[in-house]
Amino acid sequence: MDSVICDLMSEWHRRYNADYHDHLTVDKLLCWKSENYVKPECGMKIYDYLDEPGIFLKLKAYPFAVEVLQRLKRSYEILIVTSSRTYAYTEKEQWVEEHLPFIGRHNLIFTHRKEMIRGDLLFDDAPHNLLAFQKTGRPVVAMDYPYNRDLAVERVKNWLEFEKWVHKWGENQ
């Protein structure tokens with residue numbers, strides 16, 4: 001969900017940058033560990049922003065995400081698999097209900113072990129999720145970010161590219 005369907009990084013980094021007078025952007029993250037890219041006085045506190053009330057409710061859907069998901073829903077069962085810290089579960093449910101009512105929160109699964117879900121493919125950004133799911137022999141598609149570019153997986157830069165990939169994949173099933 002985060003950084004695939006909606007833009008978590010911009011809001012997360014905006015809050016950090018305001019507090020620490022920095023200029024962190026997703027393009028600067030060359031690995032998954034955000035604490036490596038923040039000022040030393042912040043360190044692991046970078047993750048505390050994910051616990052702030054309202055952060056997930058403010059997120060914007062990526063361009064074409066909602067429209068592509070609506071079209072794909074006509075042919076595929078779609079599950080949104082996400083992990084969360086603290087109370088953000090409720091906010092993510094509310095976000096899905098508001099922005100993706102055609103999928104609904106009943107198709108929202110919370111887990112840190114996405115490879116345990118019996119889906120046919122995974123569209124994600126997190127290297128650990130992509131690798132674990134790939135080990136099951138099922139296809140993975142990465143939303144392209146600097147922090148996952150060292151993985152040997154299919155990748156797309158946006159939702160329209162993902163839609164094309166899914167149609168091509170579906171023709172081969």
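No experiment lies behind these values; they were computed from the predicted model shown.
- Rounding to the nearest 0.5 Å places CG of L69 at 5.0 Å from CD1 of I78.
- Here the shortest heavy-atom pairing between I5 and A65 reads O-CB, 3.8 Å.
- W32 has its ring centre no less than 6.0 Å from the ring centre of Y145.
- Between N129 and H112, the shortest heavy-atom contact is OD1-O, 4.0 Å.
- At a threshold of 4.5 Å between non-hydrogen side-chain atoms, the residues S3 and M143 do not count as touching.
- Nearest heavy atom pair, residue L160 against residue R71, reads CD2-NH2, 3.9 Å.
- Inter-residue side-chain proximity for Q134 and V153 is flagged as met; some heavy-atom pair is nearer than 4.5 Å.
- Ring geometry, W12 versus Y47: the interplanar angle falls from 30° to 60°, so the pair is classed tilted.
- One distance of note links OG of S34 with CG of L24; it measures 7.0 Å at 0.5 Å rounding.
- Looking at V96 and M1, their side chains come closer than 4.5 Å, going by heavy atoms from C-beta outward.
- Put simply, the side chain of L8 reaches to within 4.5 Å of the side chain of L59, judged on heavy atoms.
- The two residues P127 and L151 come nearest to each other via the heavy atoms CA-CD1, 3.6 Å.
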CA sep, side-chain torsions, deciding dist, call: W169, L121, side-chain contact (heavy atoms from CB on, under 4.5 Å) = CA-CA 10 Å; W169 172 78; L121 68 92; 3.5 Å; yes
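- Linking ILVMFWY side-chain heavy atoms closer than 4.5 Å, directly or via other members, places M116 and L131 in two distinct hydrophobic clusters.
- Ion pair R14/E11 flagged as a salt bridge, since at least one NZ, NE, NH1 or NH2 atom sits closer than 4.0 Å to an Asp/Glu carboxylate oxygen.
- One distance of note links CD of E93 with OG of S84; it measures 10.0 Å at 0.5 Å rounding.
- Criterion: ILVMFWY side-chain heavy atoms under 4.5 Å apart, direct or through other members. Under it, V4 and L50 are part of a common hydrophobic cluster.
- Note that the CG atom of L122 and the CD1 atom of I117 stand 10.0 Å from one another [nearest 0.5 Å].
- Across all their heavy atoms, K39 and H21 have their closest contact at NZ-O, 3.2 Å.
- Under a 3.5 Å cut-off, the side chain of K28 and the backbone N or O of Y37 do not form any donor-acceptor pair.
- Atom CG of residue L29 and atom CE of residue M9 lie 5.5 Å apart, to the nearest 0.5 angstrom.
- Atoms CG and NE2, from D7 and H13 in turn, are 9.5 Å apart once rounded to the nearest 0.5 Å.
- Dense packing is recorded around CG of D51, with more than 12 heavy atoms of other residues, nucleotides or ligands lying under 6.0 Å away.
- For E115, the salt bridge (Lys or Arg N to Asp or Glu O under 4.0 Å) partners are R113, not counting sequence neighbours.
- For the pair K73 and F102, the cation-pi test (distance below 6.0 Å, angle within 45°) is failed.
- In this structure a side-chain-to-backbone donor-acceptor pair under 3.5 Å is present from T136 to F133.
- Here the side chain of N148 pairs a donor or acceptor atom with the backbone of D125 at under 3.5 angstrom.
- In this structure, the side chains of V26 and Y147 come closer than 4.5 Å at one or more pairs of heavy atoms.
- Not less than 6.0 angstrom separates the ring centroid of W95 from the ring centroid of F56.
- Ion pair K157/D144 flagged as a salt bridge, since at least one NZ, NE, NH1 or NH2 atom sits closer than 4.0 Å to an Asp/Glu carboxylate oxygen.
- Between N36 and C31 the shortest side-chain heavy-atom distance falls below 4.5 Å.
- Taking the side chain as every heavy atom from C-beta outward, W159 and V66 never approach each other to under 4.5 Å.
- In terms of heavy-atom proximity, E161 sits nearest to V156 at OE1-CA, 3.4 Å.
- Proximity of a side-chain donor or acceptor of K114 to a complementary backbone N or O of F110 within less than 3.5 Å is not detected.
- Side chain to side chain, Y16 and D22 meet the donor-acceptor criterion of an N or O pair below 3.5 Å.
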Worked check of side-chain contact (heavy atoms from CB on, under 4.5 Å) between I55 and R15 = CA-CA 9 Å; I55 189 169; R15 290 174 184 222; 3.9 Å; yes
Would Q94 and L57 count as a side-chain contact (heavy atoms from CB on, under 4.5 Å) if you check the C-alpha gap in whole Å, the side-chain angles of each, and the deciding distance to 0.1 Å?
-> CA-CA 7 Å; Q94 291 172 341; L57 294 176; 3.3 Å; yes
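- When atom types are taken as modelled, the side chain of E154 and the backbone of V141 share no donor-acceptor pair closer than 3.5 angstrom.
- Using a distance-only test at 3.5 Å, with no hydrogens or angles considered, a donor-acceptor pair links the side chain of E97 to the main chain of R105.
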Does the side-chain contact (heavy atoms from CB on, under 4.5 Å) test come out yes or no for T111 and S83, once each step is laid out?
-> CA-CA 5 Å; T111 183; S83 59; over 6 Å; no
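- Surrounding OH of Y89 are more than 12 heavy atoms belonging to other residues, nucleotides or ligands, all under 6.0 Å away.
- Follow the hydrophobic side-chain contacts under 4.5 Å out from L79 and you never reach V166; the two are in separate clusters.
- Counting heavy atoms from C-beta outward, D124 and V140 have side chains that stay 4.5 Å or more apart.
- Other residues, nucleotides and ligands place no more than 12 heavy atoms under 6.0 Å from the NZ atom of K164.
- The number of heavy-atom neighbours closer than 6.0 Å to NE2 of H106, taken from other residues, nucleotides and ligands shown, is above 12.
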